[in-house]
Amino acid sequence: MTDVVIAAPILAPRKRFQLIRRLLAHRSFRIGIVLVTVLAIAAILAPLTGIEPSAMRVRFRFRPPSPEFLMGSDNFGRDILTRVLYGARVSLWIGLVVALLSGIVGAVIGVFAAQFRAFDAPVMRLMDAMMSFPAILLALGITAALGPRMESVIIALSVAYVPAGVRIVRASALVVRELDYVQAARIAGASNARIMFHHILPNSFGPLLVHMTFVFAYSILAEAALSFLGVGVQPPTPSWGNIIAEGRDFATEAWWIMVFPGIGISLAALGLNLLGDGLRDVLDPRLKGA
Amino acid sequence: MASEPLVSIENLTVQFRTDRGWATATESVSFDIGDGDCLGVVGESGSGKSVTALSILRLHARGTSRFNSGTIRYDGRDLLRASERDMRAIRGRDIAMVFQDPMSSLNPVLTICDQISETLMLHRGLSRIEARKRAIELLDLVRIADAARRVDEYPHRFSGGMRQRVMIAIAIACRPRLLIADEPTTALDVTIQAQILELLRDLRTELNMAVMLISHDLGVIAEFARRVVVMYAGRVVEDAPVDVLFRKAMHPYTEGLMASMPALDGPVRRLYSIPGRIPDINEQVAGCRFSPRCGHAEAVCLTAMPDLVPVSPDHRVRCAPRTRTTGAG
């Protein structure tokens with residue numbers, strides 16, 4: 001073979017910057033990423049308020065928002081700002097884990113269903129059956145069965161959101177598996193597993209990624225609903241949902257207990273939806289140029 | 001023809017499941033590919049060229065296709081009866097393939113390096129770094145300028161002709177003994193076509209591999225192949241060395257194909273075309289499959305399917321009237 005002088009570095013860095021640049025040029029993605037990042041940083045920095053989230057100070061009950069209590073205090077004199085920040089940790093964590101878990105499980109099942117036809121029909125009928133329940137009702141049933149804990153909420157919501165992920169991945173994998181480069185990989189001698197996870201999955205991943213950002217947002221909402229109903233994260237651990245649940249008895253006298261965690265939920269859901277919209281616009285192959 | 005052929009296809013019949021039962025895509029296809037040979041396979045769309053090629057690699061979907069009979073002998077083994085594991089080892093290492101459409105044959109999310117390395121790491125057990133070095137050499141070999149830099153780019157930065165070169169680089173990565181090129185130049189413009197053919201020809205001699213070139217372009221075949229197999233409606237109708245075929249084609253279908261080529265030196269006239277169309281895969285044609293379109297059809301053609309008869313040691317024809325009166329036409 002010909003002698004070649006290799007001047008370039010042996011393993012050049014991947015050129016992924018282009019994608020990031022295109023994402024940052026997208027306005028709603030920019031707003032979304034800023035919102036989500038700010039919330040995440042606020043959650044991480046929660047201990048900086050210097051107050052225990054469940055520290056009760058009876059002298060300071062029902063204080064309205066003021067320079068001393070930025071978001072007021074509740075019936076036990078607990079600082080709402082601190083509780084909202086610690087609640088963000090719980091709520092965002094649940095959202096993130098549910099999005100990842102349901103996404104990964106959905107991707108694996110979806111690719112299997114697309115690749116092995118015998119596996120396809122039974123699995124998809126099962127998914128249809130699961131989808132026929134509203135996600136929140138299914139999650140409610142599962143948490144009720146598993147006992148009200150944070151782990152049960154995560155498992156319940158993951159199970160509830162898997163079928164949609166399976167459908168999305170299966171649909172795009174069915175298209176991708178017929179493409180020439182998959183046939184080319186088979187001709188190169190690649191095994192089924194390699195074709196599924198190296199060739200089909202990465203090319204069917206775009207829609208799932210977008211879906212996962214929405215699942216993240218839905219999970220935060222669903223966690224709030226479950227906690228509000230009393231089967232979610234249990235007090236005294238704060239989550240956005242159970243702060244609202246605890247505040248509802250005092251809604252007329254102390255509006256701030258419910259409003260601030262509510263704003264947290266709205267901002268998180270808004271941020272993640274904008275982020276997902278941006279991802280969808282950029283990853284959609286029909287809009288891809290050059 | 002004296003020595004053992006590299007690949008020997010014998011009596012291959014492939015069927016596909018359709019709404020109306022099993023449809024026969026190829027029937028009793030037989031031909032050999034010699035070591036280092038250069039075989040052209042011609043025929044119109046639906047004549048079974050690609051089905052035959054994919055059968056060699058055994059890439060038809062299981063469940064919706066079946067091999068009814070026949071053997072494909074490679075290196076003393078029958079590929080139709082080899083295990084899936086053995087087939088995986090053969091694909092890419094011993095037998096490689098290049099497709100028609102280079103725009104869709106490369107995975108858009110992997111770099112060129114990743115895609116060339118894949119076969120090398122699978123079959124040769126090379127490390128990432130060795131494979132990358134080899135990938136650059138291969139890009140150089142298929143004449144892509146600035147290979148060391150371009151190897152890390154994604155396919156969307158390559159033109160159609162360059163992608164086809166990359167496909168060829170992937171195909172020859174493990175020095176296969178047979179390269180199947182399924183209409184490798186159809187999707188490219190004419191000047192690029194010539195370059196790709198030249199590249200294939202050079203690589204064939206350099207690497208001493210056999211090439212099976214599938215095309216419906218007789219010009220490409222004439223330029224490239226040493227021997228030609230003409231297929232019609234899932235059957236081999238003529239098999240001859242290229243000069244014999246172009247000098248004295250014997251099957252009326254081959255004659256028709258020849259007559260359909262524009263002559264550069266003759267007077268400009270309306271181009272000949274064979275009347276009718278290829279029969280549908282579900283259609284049952286009694287007798288010779290070409291008889292409905294054949295200007296020379298006789299009574300015998302409509303009742304019995306003729307056999308593929310040798311008219312000389314390296315020339316076989318499937319036509320009852322022509323082989324009865326050998327040399328006529």
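Here is the naming used below: chain letters follow the sequence lines, and residue numbers restart at 1 for every chain.
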> Could you look at A:Arg194 and say if it's the side chain, the backbone, both or neither that has a heavy atom under 4.5 Å from chain B?
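Just the side chain, heavy atoms under 4.5 Å.
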
> Judged by modelled atom types alone, do A:His199 and B:Gln115 share a side-chain donor-acceptor pair under 3.5 Å?
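No - no donor-acceptor pair under 3.5 Å links their side chains.
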
> So, taking the atom named CG in B:Leu59 and the one named CD in A:Gln183, what distance separates them when rounded to the nearest 0.5 Å?
5.0 Å

> If you measure from CD1 on A:Ile187 to CD1 on B:Ile180, what distance do you get to the nearest 0.5 Å?
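Here the rounded value is 7.5 Å.
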
> Please report, to 0.1 Å, the donor-acceptor pairs under 3.5 Å made by any side chain of residues 161-173 of chain B, with sequence neighbours excluded.
unit_1	atom_1	unit_2	atom_2	d
B:Arg163	NE	B:Pro155	O	3.3
B:Arg163	NE	B:Phe158	O	3.1
B:Arg163	NH1	B:Met103	O	3.0
B:Arg163	NH2	B:Pro155	O	3.2
B:Gln164	NE2	B:Phe99	O	3.0
B:Gln164	NE2	B:Pro184	O	2.8
B:Arg165	NH1	B:Val142	O	3.0
B:Arg165	NH2	B:Gln195	OE1	2.8

> Rounded to the nearest 0.5 Å, what separation is found between the CD1 atom of A:Ile200 and the CG atom of B:Asn107?
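The distance works out to 10.0 Å.
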
> Need one label for B:Leu106: side chain, backbone, both or neither, based on atoms under 4.5 Å from any heavy atom in chain A.
backbone

> Please output the residues of residues 210-221 of chain A in contact with chain B, using a heavy-atom cutoff of under 4.5 Å, in numerical order.
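Answer by number: none.
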
> Provide the closest heavy-atom pair for B:Leu122 versus A:Ala188 in the form atom of the first, atom of the second, distance.
CD1-O, 4.1 Å

> Applying the side chain to side chain contact (heavy atoms under 4.5 Å, CB included) test to B:Ser104, which of A:Asp180, A:Val182, A:Leu179 qualifies?
A:Asp180

> Tell me, side chain or backbone of B:Leu54 under 4.5 Å from chain A's heavy atoms, or both, or neither?
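Contact with chain A is through the side chain of B:Leu54 alone.
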
> Is it the case that the side chain of A:His198 and the backbone of B:Glu118 share a donor-acceptor pair, with hydrogens and angles ignored and the cut-off at 3.5 Å?
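Not a single qualifying donor-acceptor pair exists.
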
> Tell me the closest heavy-atom pair linking B:Pro108 and A:Tyr181, and the distance in Å.
CD-CE2, 3.4 Å

> If you count heavy-atom pairs under 4.5 Å with chain B, which of A:Ala190, A:Ala185, A:Pro202 comes out on top?
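With the most close heavy-atom pairs to chain B, the winner is A:Ala190.
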
> Taking all non-hydrogen atoms of both residues, which atom of A:Ala184 and which atom of B:Ser105 are closest, and how far apart?
CB-O, 3.9 Å

> List the residues meeting side-chain hydrogen bond (donor to acceptor under 3.5 Å, both in side chains) with A:Asp120, not counting sequence neighbours, and say none if there are none.
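A:Arg170.
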
> For atom CZ of A:Phe119, decide whether the heavy atoms of other residues, nucleotides or ligands shown that lie under 6.0 angstrom number more than 12.
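Counting neighbours around CZ of A:Phe119, more than 12 heavy atoms of other residues, nucleotides or ligands fall under 6.0 Å, so yes.
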
> Mind checking which of residues 75-93 of chain B sit less than 4.5 Å from chain A, heavy atom to heavy atom?
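Residues B:Arg88, B:Arg91, B:Gly92 are the ones that qualify, each having a heavy atom under 4.5 Å from chain A.
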
